[in-house]
Amino acid sequence: MKTIWILVLVVFYNGISLNGVATNVPARPPFVSIGALLPFNSTIGKVAKVAIQAAVDDVNADPTILGGTKLRIKMQNADKSGFLGIIDALKFMETDTVAIVGPQSSVTAHAISFVANELQIPLLSYSSTDPTLSSPQFPFFVMTARNDLYQMAAIAEIVDYYGWKEVIAIYGDDDYGRNGIAALGDKLAERRCKISFKAPLTPAATREEITDLLVKVALTESRILVVHTFNSWGPVVFSVAQYLGMMGPGYVWITTNWLSTLLETDSPLPAGTLDDIQGVLTLRMYTPDSELKRKFVSRWSTLTSGTTAYGSNPMGLSTYGLYAYDTVWLLAHAINAFFDQGGNISFSNDSRLAALRGGSLHLDALNIFNGGNLLRQNILQVNMTGVTGKVKFNPDGNLIHPAYDIINVIGNGIRRIGYWSNYSGLSVVPPETLYSRPPNRSSSSQKLHGVIWPGQTAQKPRGWVYPENGRHLRIAVPSRVSYCEFVSQVPGTDKFAGYCIDVFTAAINLLPYAVPYKLIPYGDGVNNPSCTELVRLITAGVYDAAIGDIAIITNRTKMVDFTQPYIESGLVVVAPVKKRNSSAWAFLQPFTGQMWSVTALFFIIVGAVVWILEHRLNDDFRGPPRRQLITILWQVTCNIICSLIDCSEMV
C-alpha cells in the first residue's frame, strides 16, 4: 500500500498525466512586472498614460486573461530628449521587467533597442513609428501602431492623385524626421514624383529659424508642402507661414498625423491657431467603428475627469491612446501564451556586462530576461480584436491592414474627405468594406471628396509657380537672315517670333510644372549661322537647348536628342492657282483659237474627201451646191459620232 502511494506522489510531482503527455507547467506567479516609458506631459504621452493605466486595470479585472496573475506596471516619465533621455531609459531597464511599453520617441527607441537586443526585453511602442525601427536589426522592438512607411505611401498617392510632381519636405532633423522623409522620397519616386527641396529644422527650432527657412521655401518653385514634424513647434510653422502669406491660394499643405493628434487631444484649439491651419490636409490612423471602441470612448470622460489638455478644455482621446490601450492587451495575451507554453520568469547576469562591474554607470545591474525570446515570439503571434480593430502582425512585423483617414481642416473643425489603405489606395468608403473584394488600384477607382484648400478655394491649386531663385535654361535661337517665318528676332527687342517659337511656347504651356528659360540669339544676324556648330555648343554645355528650323541629320543625332519633327519636307509640285469663272461655255476654254482653226480645217478636208468619193456614185451628193454642202457636213458629223461610239464600245 505504501508503494502505491509513493508512485502516485511521483506521478504528480513529475507532472505526468494519465495519457502519458508531459504537463510540467510551472505555477504562475501572482504578479508580472512590466514597464512604461513615456513623457507624461506631451500631447501623446498624457493620453497614453491614462489609456495604459486603464488597460492594466481592465486586464487585472478579468481573471480569464492571465489566469489569476496580475500585471504590475511601473511608469517612467521620459520627458527628456537626446542623451539624458537615453540615460533615463537605461536606468529604468535596471529593474527586472519582462517587457516595456514604449518609448515614445523614435530617437530614444533607436538607442535602447540595442540594449533590448542584449537583454532580450521586448519593447512595444505605440508611437515610435520610424520605418527603420521595423528592420531585422531590432528584433526585440515591436511597433504596435502603424509604420510611417504606410503614411508616406498615402501622402505619395495623394500627390499623384491630384497630378502634382514635386513637393517640398519640412521636417525635424533627427532620426524620426530624416527616415520618414527618406521613405516619402522612395514612395514618390515609385509614382514618378520627387522631393524638390528639403527643409530640415532642428528639434528645438526657434521662431526665427523657422522664419528664415520658410523664406527660402517661398522662393522655390513647388507649392506642395509636406510637414513631418513635432507637436511642439508644428503649429509655429503654420503661424509663420500665415505671417509670410503662404497660407493663401495656390499653396497646398499636407501634414503627417501629428496635426490630427493635436486636434483630437487639445480641441478646440485657440482661434488664432485654427485660422493658421485652414485648408490643411492631414492624416489620422484609421480605426474602424466597433462596440469595443464605442465603449472605451464613452468611458474616456470618466477616466480623464479632472484632467485638462489645453487651458480648461477636457483632454480628448487620440488614436495614439487607442493603440496604447491595445498594446497592453496585446502584451497580456502574449504573457498568457508564454505561461501556457511553460515559460518561466527569470533573469540572469550578462557575462559581458559583468566585466564592467564597479563602474560609475552600474551597467552590471542590467540583467538578461531568460524568457525574452519566447515572449517576443508570442507577441508577434497574437491574433486579437481590440479597440483599434484587428490586431495581428504580418511576416514583416507590421500590423495588418494599414489605413488612414484623410482629413481637411475647415472652419472650427475637421472634415474627412476619404480614406487610404494599403489594400485599395484612395477611396471614399471605409477600408474594411473593400477587404472582401479583389484589390482595385485602377485610376478610375481612386476617389476623394472635394477639398477646401488654403485661401478658402475649392479649385485645385496648380502646385507650382515660376521660382525666384531657380536656374533658367539657356536656349539658343539662330539669328537667321532667310526663312524668317520659322524663327526671327523682333527688331529692337530681345524677343523672338516665328512658327518654331509658337510651337515651343505651346509645348511649355502644356507642362504641369514650371520651366524657367531664357532665349539667347546665336549668330551675327548677317549670315545664317551653322546649325551643326550650334548643336556642338549644346553638347559642350554652352546652351541647354535650341529652337529653330534645324535639320535632323545623322551626325547631329549622334550629339543631341531632337524632338519629333513638326515640319515635313519632300518632293512637291508648286503651281499657281487662279480663280476662273465657270459657265456653260467652259468646255471651250481648254483649246486656243489656233487649235479650233486647225480642227475646222481638218473638218473641211474630211468633208471634201467624202464628197469626191461619193459624188459620182451617191445621188445624195448631187443637186444644187447648197444641198451638197449640207450633205457633206451631215455625213462628216455622223462619221465622227459613230467613231466615238465605236471607241467607247471597245473600251
Side-chain angles (χ1 to χ4, degrees), residues 28-29 31-38 48 52 55-56 59 65-66 69 71-76 78 86 89-106 108-130 132-147 323-348 350 353 366-384 386 391-399:
R28 297 192 178 201
F31 296 100
V32 174
S33 296
I34 63 174
L37 196 61
L38 69 161
I52 290 172
V56 171
V59 169
I65 302 300
L66 289 174
T69 299
L71 291 179
R72 180 183 290 169
I73 187 166
K74 179 182 179 182
M75 295 192 186
Q76 172 72 27
I86 296 172
L90 291 176
K91 289 181 178 180
F92 183 67
M93 297 183 75
E94 291 178 0
T95 60
D96 292 339
T97 56
V98 300
I100 296 177
V101 177
Q104 179 178 306
S105 168
S106 295
T108 305
H110 272 281
I112 67 172
S113 289
F114 290 102
V115 181
N117 291 347
E118 180 69 21
L119 304 182
Q120 298 185 12
I121 298 176
L123 302 176
L124 294 86
S125 181
Y126 54 88
S127 59
S128 299
T129 52
D130 182 344
T132 60
L133 286 171
S134 62
S135 67
Q137 182 183 11
F138 306 114
F140 281 87
F141 181 87
V142 181
M143 194 178 297
T144 59
R146 300 301 179 186
N147 193 322
Y323 278 99
Y325 182 84
D326 275 353
T327 299
V328 175
W329 276 92
L330 183 154
L331 179 58
H333 284 286
I335 293 174
N336 183 59
F338 171 82
F339 286 142
D340 287 343
Q341 296 173 12
N344 185 28
I345 296 178
S346 61
F347 295 85
S348 60
D350 190 335
L353 294 178
L366 300 174
N367 295 322
I368 296 176
F369 176 34
N370 297 324
N373 194 43
L374 178 61
L375 179 58
R376 181 187 69 87
Q377 294 176 5
N378 283 301
I379 290 172
L380 296 176
Q381 293 173 2
V382 168
N383 185 1
M384 72 174 207
V391 179
K392 184 180 179 181
F393 294 95
N394 61 22
D396 295 331
N398 294 312
L399 292 175

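Just so you know, these numbers use all the heavy atoms, side chains as well, and skip hydrogens, waters and symmetry mates. Throughout, residue positions are numbered sequentially from 1 according to the sequence presented.
Between Leu123 atom CG and Ile112 atom CD1 the span is 5.0 Å, to the nearest 0.5 Å. The structure places CD of Gln76 at 11.5 Å from OG1 of Thr97, a figure rounded to the nearest 0.5 Å. Summarising the geometry, atom CD1 belonging to Ile368 is positioned 12.0 Å from atom CG belonging to Asp96; distances are rounded to the nearest 0.5 Å. Of the inter-residue distances, the one linking Met384 atom CE with Lys392 atom NZ reads 13.5 Å to the nearest 0.5 angstrom. Interatomic distance, CG of Leu37 versus CE of Met93, reported as 9.0 Å (0.5 Å rounding). The distance from the CG atom of Leu38 to the CD1 atom of Ile100 is 12.0 Å, given to the nearest 0.5 Å.
Using the six-membered ring where Trp is involved, Phe369 and Phe338 have ring planes that are tilted, between 30° and 60° apart.
Two residues are said to be in side-chain contact when any heavy atoms from C-beta on lie closer than 4.5 Å; Asp396 and Ser134 fail this criterion. At least one side-chain heavy atom of Val98 sits less than 4.5 Å from a side-chain heavy atom of Ile34. Residues Asp350 and Leu366 are not in side-chain contact: their nearest non-hydrogen atoms beyond the backbone lie 4.5 Å or more apart. Side chains of Ile65 and His333 form a contact here, defined as non-hydrogen atoms less than 4.5 Å apart. Using a 4.5 Å heavy-atom cutoff, the side chains of Val391 and Trp329 are not in contact. With a 4.5 Å cut-off on side-chain heavy atoms, Leu331 and Leu71 do not count as touching. Looking at heavy atoms from C-beta onward, Met75 lies in side-chain contact with Ile52 at the 4.5 angstrom threshold. No side-chain heavy atom of Asn344 sits under 4.5 Å from any side-chain heavy atom of Asn370.
When all heavy atoms are compared, the tightest approach of Pro103 to Ser127 is O-OG, 4.0 Å. The minimum heavy-atom distance linking Asn117 with Phe140 is given by the pair OD1-N, 3.6 Å. The two residues Leu399 and Tyr323 come nearest to each other via the heavy atoms CD1-CE2, 4.0 Å. Heavy-atom minimum distance, Phe393 versus Met143: CE2-O, 3.6 Å. Of all non-hydrogen atoms in Gly372 and Pro122, the two that sit nearest each other are O-CG, 4.2 Å. Residues Asn367 and Leu119 share a closest heavy-atom pair of O-CD2, 3.5 Å.
Between the Ser128 side chain and the Gln104 main chain, a donor and an acceptor come within less than 3.5 Å of each other. Proximity of a side-chain donor or acceptor of Thr129 to a complementary backbone N or O of Asn147 within less than 3.5 Å is not detected.
Both the sub-6.0 Å distance and the 45° axial angle are satisfied by Arg72 relative to the ring of Phe31.
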Legend entry - Derivation of the side chain to side chain contact (heavy atoms under 4.5 Å, CB included) call for Ile335 and Leu66: CA-CA 7 Å; Ile335 293 174; Leu66 289 174; 3.9 Å; yes
Inset, instruction - Run the numbers on Asp340 and Arg28 for side chain to side chain contact (heavy atoms under 4.5 Å, CB included), then give the verdict. - result: CA-CA 9 Å; Asp340 287 343; Arg28 297 192 178 201; 2.5 Å; yes
Legend entry - Stepwise side chain to side chain contact (heavy atoms under 4.5 Å, CB included) check, Ile345 with Phe339: CA-CA 9 Å; Ile345 296 178; Phe339 286 142; 3.7 Å; yes
